[in-house]
Amino acid sequence: LGRRSSSGSACGSRTLPEALRAQVNERHPGTCPLIYGGIELYGADPHGDPDSEVLLGRGAVALIDPPQESGRLGSYELLVYDEGLPAPLLRLPIGPRLRLDAQREAAPGTCSGRPSLAGGRRRGSSIAEVSGPTSFRLVVPGGGPWGLSFDSEVDAAGFARDLAVRQRLVAMSLKTSRGWRTVEELQDELSTMRRRGFFATMRRLL
């Protein structure tokens, strides 16, 4: 497969085919998806050996934010679209337990840019610090791993950065939500104690 150069823009890769861009935007009205073209998705062969690694599709990866008017917290998603299929190949919720590990560069004589699903993150690196790798290993609890390979180093770095930002937003939302639930539980417990105290006082007076 040929490689295409690309550069980033406010809503993803500028070299993304217009048909695929329109397809993703049409499926997610009311949002401005961040779309990165020129990607390849690798994973276990769905029709063969589960331990084998095959190319599942080539197209684009999109980060979808919830509509601003929805008022929901943490409803962020990662989707992978193939250029020839209407439905996404992969759809994952973005959260703190989603792992994106930068892969080592391919050795000379191997398939350039192809991620190794058995590989790990470079020692001492983090998603926010990665700027060179174009291949990643994607894992969620109970799912994966999948390999994600980018044609463009710029798109790869932008995708990793934007995904990390959304993971932090979701983590903050979850923390805030748990905090509010804790406050509500304490308020309910306090109200119950006050009611019990009121009834106890009335029984003593009667």
Side-chain angles (χ1 to χ4, degrees), residues 1-9 12-16 20 24 33-64 76-83 85 88-168 170-171:
L1 292 175
R3 295 291 179 181
R4 297 174 298 189
S5 62
S6 63
S7 58
S9 68
S13 172
R14 291 179 181 173
T15 60
L16 181 72
L20 186 54
V24 176
L34 292 176
I35 313 171
Y36 303 90
I39 67 98
E40 293 177 347
L41 178 69
Y42 293 89
D45 187 352
H47 306 295
D49 184 357
D51 295 327
S52 65
E53 177 187 342
V54 298
L55 175 65
L56 300 177
R58 177 175 174 83
V61 58
L63 301 178
I64 310 297
Y76 297 85
E77 291 184 305
L78 181 155
L79 297 96
V80 177
Y81 284 91
D82 186 273
E83 294 176 354
L85 299 175
L89 290 171
L90 183 66
R91 185 169 196 158
L92 300 173
I94 296 175
R97 302 179 70 186
L98 173 66
R99 285 180 51 197
L100 185 73
D101 296 337
Q103 298 296 284
R104 299 181 180 89
E105 297 300 325
T110 62
C111 181
S112 176
R114 177 170 174 166
S116 170
L117 300 186
R121 179 178 300 180
R122 287 180 175 178
R123 186 176 298 176
S125 67
S126 66
I127 291 176
E129 296 169 345
V130 169
S131 61
T134 57
S135 298
F136 301 92
R137 181 174 179 265
L138 188 64
V139 184
V140 294
W146 296 274
L148 198 60
S149 179
F150 289 78
D151 286 352
S152 166
E153 182 178 309
V154 172
D155 282 347
F159 166 77
R161 179 193 64 241
D162 293 334
L163 177 61
V165 169
R166 279 150 183 79
Q167 286 184 293
R168 289 195 294 269
V170 173

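Please read all numbers here as calculations on a predicted model, not as lab measurements. Residue indices begin at 1 and follow the sequence shown. Just so it is clear, the values below take in all heavy atoms, side chains as well, and ignore hydrogens, waters and symmetry mates.
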Between Arg166 and Leu34, does the side chain to side chain contact (heavy atoms under 4.5 Å, CB included) criterion hold? Intermediate values first, please. CA-CA 12 Å; Arg166 279 150 183 79; Leu34 292 176; 3.2 Å; yes

Looking only at non-hydrogen atoms, find the nearest pair between Pro46 and Leu56 and report the distance. CD-CD2, 4.0 Å

Of all heavy-atom pairs between Gly43 and Trp146, which one has the smallest distance, and what is that distance? CA-CD1, 4.3 Å

In terms of relative ring orientation, are Tyr36 and Phe150 parallel, tilted or perpendicular, with 30° and 60° separating the classes? perpendicular

Give the intermediate values and the outcome of side chain to side chain contact (heavy atoms under 4.5 Å, CB included) for residues Leu41 and Leu148. CA-CA 5 Å; Leu41 178 69; Leu148 198 60; 4.2 Å; yes

Only one of Ile39, Asp151, Val80 passes side-chain contact (heavy atoms from CB on, under 4.5 Å) with Arg58; say which it is. Asp151

Asp45: side chain to side chain contact (heavy atoms under 4.5 Å, CB included) partners, not counting sequence neighbours: His47, Ser52, Val54

Would you say the side chain of Leu98 lies within less than 4.5 Å of the side chain of Gln167, judging by non-hydrogen atoms? yes

Restricting to non-hydrogen atoms, name the atom on Asp155 and the atom on Gly37 that form the minimum distance, rounded to 0.1 Å. OD2-O, 3.9 Å

For Arg97, what residues pass the salt bridge (charged side-chain N to carboxylate O under 4.0 Å, His left out) criterion, not counting sequence neighbours? none

Side-chain heavy-atom pair Tyr81, Leu89 within 4.5 angstrom cut-off: no

In terms of heavy-atom contacts, Ala156 and Pro133 come closest through CB-O, 3.5 Å

According to side chain to side chain contact (heavy atoms under 4.5 Å, CB included), who are the partners of Pro93, at least two apart in sequence or on a separate chain? none

Inter-residue atom distance Arg168.CZ - Leu163.CG, 0.5 Å rounding: 10.0 Å

Less than 4.5 Å apart, side chain to side chain, heavy atoms only: is that true for Ile64 and Leu79? yes

Can you list the steps and then say if Leu138 with Leu90 is a side chain to side chain contact (heavy atoms under 4.5 Å, CB included)? CA-CA 11 Å; Leu138 188 64; Leu90 183 66; 4.0 Å; yes

Step by step, work out the side chain to side chain contact (heavy atoms under 4.5 Å, CB included) result for Tyr76 and Leu92. CA-CA 9 Å; Tyr76 297 85; Leu92 300 173; over 6 Å; no

Answer whether the closest heavy-atom distance between the side chains of Pro145 and Arg137 falls below 4.5 Å. yes

Verify, without hydrogens or angle tests, whether Glu77 (side chain) and Ile94 (backbone) share a donor-acceptor contact under 3.5 angstrom. no

Mind listing the closest non-hydrogen atom pair of Val139 and Gly143 along with its distance? CG1-O, 3.8 Å

At their closest point, which heavy atom of Val170 faces which heavy atom of Gly95, and how far apart are they? CG1-CA, 3.9 Å

Under the 3.5 angstrom rule, does the side chain of Gln103 hit a backbone N or O of Asp101 as a donor-acceptor pair? yes

